[in-house]
Amino acid sequence: MVDFTLTDEQQALREMAHDFAEKEMRPVAWEYDKDGTWPQDIIEKAWELGLMNTHIPEEYGGAGASYFDGALIEEELSWGCSGIQTSLGCNGLATAPVVYAASEELKKEYLGRLTEAPLLASFCLTEPEAGSDVASMRTTAVKQGDKYVINGSKCFITNGGYANWYTVYAKTDKEAGHRGISAFIVPRDAGVVVDKKEDKLGQRASNTATISFSDVEIPAENLIGEENKGFKIAMATLDRTRPGVASMAVGIARAAMEFAVNYSKERVQFGVPIAMHQGIQFMIADMASEIEAARLLAWKSAVMLDNGERNTLVSSFAKRFAADTAMKVATDAVQVYGGYGFIKEYPVEKLFRDAKIMQLYEGTSQIQRLVIARETLLPRRVEEPAAV
Ligand code: COS
């Protein structure tokens, strides 16, 4: 039987995350956005409460939560502030390849660091010349004896300025395209240089940095999985993290809709609250139905992971639809506010800016469509695991 009812435990988890979002994030969200304030205080509180590192298995000190439970948390925290949530959730992206493919020793050491103290890790895939086209990356890792020597630069790295360690993708065979990429754990103190903090349109409380490696030496054991299997590790990672990003997009959209609904009941034009006008009602109706649909896709993509099924197609459905919904809902929320929606004093302007990144990071909406088209036109067998 298909049942969308949450268990008592899931409801309690959702309430706990909502409470945190309401009491700890909302009161500072617009202020932190203004100056791009780093939310260290909120990171420490969230870590203490177990709202970070949720997918790290219990044997390494994490909560070992299901992807579905993670989706519930991600929606609520993103409702609070998606910029702060991007910083809170980034460990999930950095650790997914480690949980998926790293050796026991690496898991103990590096997952353990994050569960023993409120430290951060970053996922380093994108480069100035390799965004959607991952296989064209130029960063190299050359094996020298029992070490790899890494050279190159990575951009748009969430939490890059604050991370204790980095999951880094680099070419180990420059001639082999996507089959020549490997994944590594690079501790910050191996010599990672933070070149630049980006000044962004939205999600301004999250840290986005450009980082570089100049002859950075790491032990050969820091290779994640097998050499030259990094591309598939990256793809399998994104299959696992896109459901959470979809849930974050739902959180932004829900926040924008709530503001729009409340405002439409207060704002009077032509002698009645604007909620009485069909033009507004139809916008609200589209918001409500599309948010519900986006949430169901996000949940389905998470439940498939929990069931051990390959979710590439549904993960891209969810990320694509939820991200585009967040942008549309936030845009319409500004419309409901009219001219006031364009003014920083009113809340929806921030949500409009925050929503935009959902269509860009962890694969643009166009890349999601590309994945959907490929999986639809030339489907791989659904039971085929995301083999490394
Ligand atoms: N799981 C496991 N393996 C996968 C996979 C998945 N989800 N998707 C693709 N692969 C495998 C393919 O089966 C193929 O394997 P073989 O080497 O055995 O043939 C290999 O990976 C290459 O696949 P493909 O030909 O589809 O690769 P492309 O170079 O065309 O790239 C896209 C595919 C565009 C989908 C990929 O580069 C991508 O996701 N880009 C966006 C990156 C992104 O999200 N960046 C954001 C940064 S993280 S914030």
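One-based numbering along the sequence shown. Values below: all heavy atoms of this structure, side chains included; hydrogens, waters and symmetry mates excluded.
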- prompt: Looking only at heavy atoms, which two atoms of Ala141 and Ile150 are closest? And how far apart?
  reply: CB-CG1, 4.1 Å
- prompt: Side chains of Arg204 and Tyr32: do they bring a donor and an acceptor to under 3.5 Å?
  reply: no
- prompt: Which heavy atom in Pro347 sits nearest to a heavy atom in Trp30, and how many Å separate them?
  reply: O-NE1, 3.2 Å
- prompt: Got more than 12 heavy atoms from elsewhere within 6.0 Å of CD, Glu104?
  reply: yes
query: Are Leu6 and Leu72 close enough, and set up right, to give a side-chain contact (heavy atoms from CB on, under 4.5 Å), and what steps lead you there?
result: CA-CA 10 Å; Leu6 301 187; Leu72 296 177; 4.2 Å; yes
task: May I have the step-by-step check of side-chain hydrogen bond (donor to acceptor under 3.5 Å, both in side chains) for Glu227 and Ser182, ending in yes or no?
output: CA-CA 5 Å; Glu227 203 175 72; Ser182 303; 5.2 Å; no
message: Please determine whether residues Val168 and Phe156 belong to a single hydrophobic cluster, defined as Ile, Leu, Val, Met, Phe, Trp and Tyr linked transitively by side-chain heavy-atom distances below 4.5 Å.
response: no
field: CG-CE distance between Asp332 and Met283, expressed to the nearest 0.5 angstrom
entry: 5.5 Å
message: Whether the side chain of Arg188 engages the backbone of Gly161 through a donor-acceptor N/O pair (distance < 3.5 Å, no angle test) should be reported.
response: yes
query: If we only count heavy atoms from C-beta on, is the Gln368 to Arg242 side-chain gap below 4.5 Å?
result: yes
- prompt: Is there side-chain contact between Val134 and Met235, with at least one heavy-atom pair below 4.5 Å?
  reply: yes
- request: Is it possible for you to say whether Ile43 and Leu114 belong to one hydrophobic cluster, with membership spreading through side-chain heavy-atom contacts below 4.5 Å?
  value: no
task: In plain terms, say whether Glu349 and Lys344 are close enough for a salt bridge, that is, a side-chain N and a carboxylate O under 4.0 Å apart.
output: yes
message: One pair to check against side-chain hydrogen bond (donor to acceptor under 3.5 Å, both in side chains): Thr115 and Asn53. What are the steps and the verdict?
response: CA-CA 7 Å; Thr115 56; Asn53 305 314; over 6 Å; no
query: Does a donor on one side chain sit under 3.5 Å from an acceptor on the other, for Thr312 and Asp239?
result: yes
message: Whether the side chain of Asp306 engages the backbone of Phe68 through a donor-acceptor N/O pair (distance < 3.5 Å, no angle test) should be reported.
response: yes
field: Donor + acceptor pair across side chains of Tyr361, Gln203 (<3.5 Å)
entry: yes
message: side-chain contact (heavy atoms from CB on, under 4.5 Å), that's the test. Do Ile73 and Thr54 meet it? Break it down for me.
response: CA-CA 9 Å; Ile73 295 173; Thr54 50; 3.7 Å; yes
- request: For the pair Glu127 (side chain) and Thr139 (backbone), establish whether a donor and an acceptor sit closer than 3.5 Å, ignoring hydrogens and angles.
  value: yes
- request: Decide, yes or no, whether a salt bridge links Lys328 with Asp324 under the criterion of side-chain N to carboxylate O below 4.0 Å.
  value: no
field: Between CG on residue Asp286 and OG1 on residue Thr325, distance to nearest 0.5 Å
entry: 10.0 Å
message: Taking Leu106 as the starting point, is it possible to reach Val186 by hopping between hydrophobic residues whose side chains are less than 4.5 Å apart?
response: no
- request: Report yes or no: does Lys171 contribute a side-chain atom to a donor-acceptor pair with the main-chain N or O of Ala135 at less than 3.5 Å?
  value: yes
message: Between Lys319 and Glu362, does any side-chain N to carboxylate O distance fall below 4.0 Å?
response: no
field: Trace of the ring-ring contact (aromatic ring centres under 6.0 Å, His included) decision for Phe123 with Tyr169
entry: CA-CA 9 Å; Phe123 180 83; Tyr169 294 83; 5.3 Å; yes
task: Apply the test side-chain contact (heavy atoms from CB on, under 4.5 Å) to residues Glu74 and Gln85: give CA-CA distance (whole Å), side-chain angles for both, the deciding distance (0.1 Å), then the verdict.
output: CA-CA 7 Å; Glu74 275 147 336; Gln85 166 53 16; 3.4 Å; yes
- prompt: Which atoms form the tightest heavy-atom contact between Asn91 and Ala121, and what is the distance?
  reply: OD1-N, 2.8 Å
message: Would you say that Asn222 contacts Tyr148 through its side chain, given a criterion of any heavy-atom pair below 4.5 Å between the two side chains?
response: no
field: Working for side-chain contact (heavy atoms from CB on, under 4.5 Å), residues Leu313 and Ile372
entry: CA-CA 6 Å; Leu313 175 64; Ile372 292 165; 4.1 Å; yes
message: When you group the ILVMFWY residues by side-chain heavy-atom contacts below 4.5 Å and let the links chain together, are Tyr337 and Phe342 in the same group?
response: no
- line: Residues Ser247 and Ala298: closest non-hydrogen pair is OG-CB, 3.6 Å
message: Any side-chain to backbone donor/acceptor pair from Trp165 onto Tyr110? Under 3.5 Å, distance only.
response: yes
message: For a 4.5 angstrom cut-off between non-hydrogen side-chain atoms, does Thr331 reach Gln335?
response: no
Under 3.5 Å: donor-acceptor pair, side chain of Thr95, backbone of Val98: no
message: Can you confirm whether the side chains of Asn228 and Thr172 place a donor and an acceptor under 3.5 Å from each other?
response: yes
query: Are the side chain of Asp146 and the backbone of Ala220 linked by a donor-acceptor contact shorter than 3.5 Å?
result: no
Distance (rounded to the nearest 0.5 Å) between Phe213 CZ and Lys154 NZ: 7.0 Å
- prompt: To the nearest 0.5 Å, what is the distance between CD (Gln359) and CZ (Arg320)?
  reply: 9.5 Å
field: Test item: Ser315 and Val371 side chains (from C-beta on) under 4.5 Å apart, heavy atoms
entry: no
- request: Check whether the side chains of Thr37 and Asp35 place a donor and an acceptor atom closer than 3.5 Å, and report yes or no.
  value: no
Interatomic distance, Thr167 atom OG1 to Ile233 atom CD1 [nearest 0.5 angstrom]: 10.0 Å
query: Looking only at atom types and distance, does a side-chain atom of Asn307 sit under 3.5 Å from a main-chain N or O of Glu309, one as donor and one as acceptor?
result: no
query: Between Val348 and Met257, is there a shared hydrophobic cluster once you connect ILVMFWY residues whose side-chain heavy atoms come closer than 4.5 Å?
result: yes
field: Tyr60 versus Glu109, side-chain donor and acceptor atoms under 3.5 Å
entry: no
field: Side-chain (Arg138) to main-chain (Ser153) donor-acceptor, under 3.5 angstrom
entry: no
query: Between Asn151 and Thr140, do the side chains contain an N or O donor and an N or O acceptor separated by less than 3.5 Å?
result: no
task: Could you grab the distance from atom CG of Leu125 to atom CZ of Phe231, nearest 0.5 Å is fine?
output: 8.5 Å
Check ion pair Asp41-Lys45 (N to O, under 4.0 angstrom): no
query: Any sub-3.5 Å donor-acceptor pair from Lys200's side-chain atoms to Ser206's backbone N or O?
result: yes
message: For a quick test of reading the model, state the closest non-hydrogen atom pair linking Ala260 to Met287 and the distance between them.
response: CB-CE, 4.1 Å
statement: The single option from Glu290, Glu292, Glu76 that satisfies salt bridge (charged side-chain N to carboxylate O under 4.0 Å, His left out) with Arg254 is Glu76
Heavy-atom side-chain contact between Leu51 and Met16 under 4.5 Å: yes
message: When you compare the side chain of Tyr67 with that of Met304, does any pair of heavy atoms fall below 4.5 Å?
response: no
- request: Determine the interplanar angle of the Tyr346 and Tyr340 rings, folded into 0 to 90°, and report it as parallel if under 30°, tilted if 30 to 60°, perpendicular if over 60°.
  value: tilted
message: In terms of relative ring orientation, are His277 and Phe270 parallel, tilted or perpendicular, with 30° and 60° separating the classes?
response: perpendicular
task: Please tell me if the side chains of Ser301 and Phe317 come closer than 4.5 Å, counting only heavy atoms from C-beta onward.
output: no
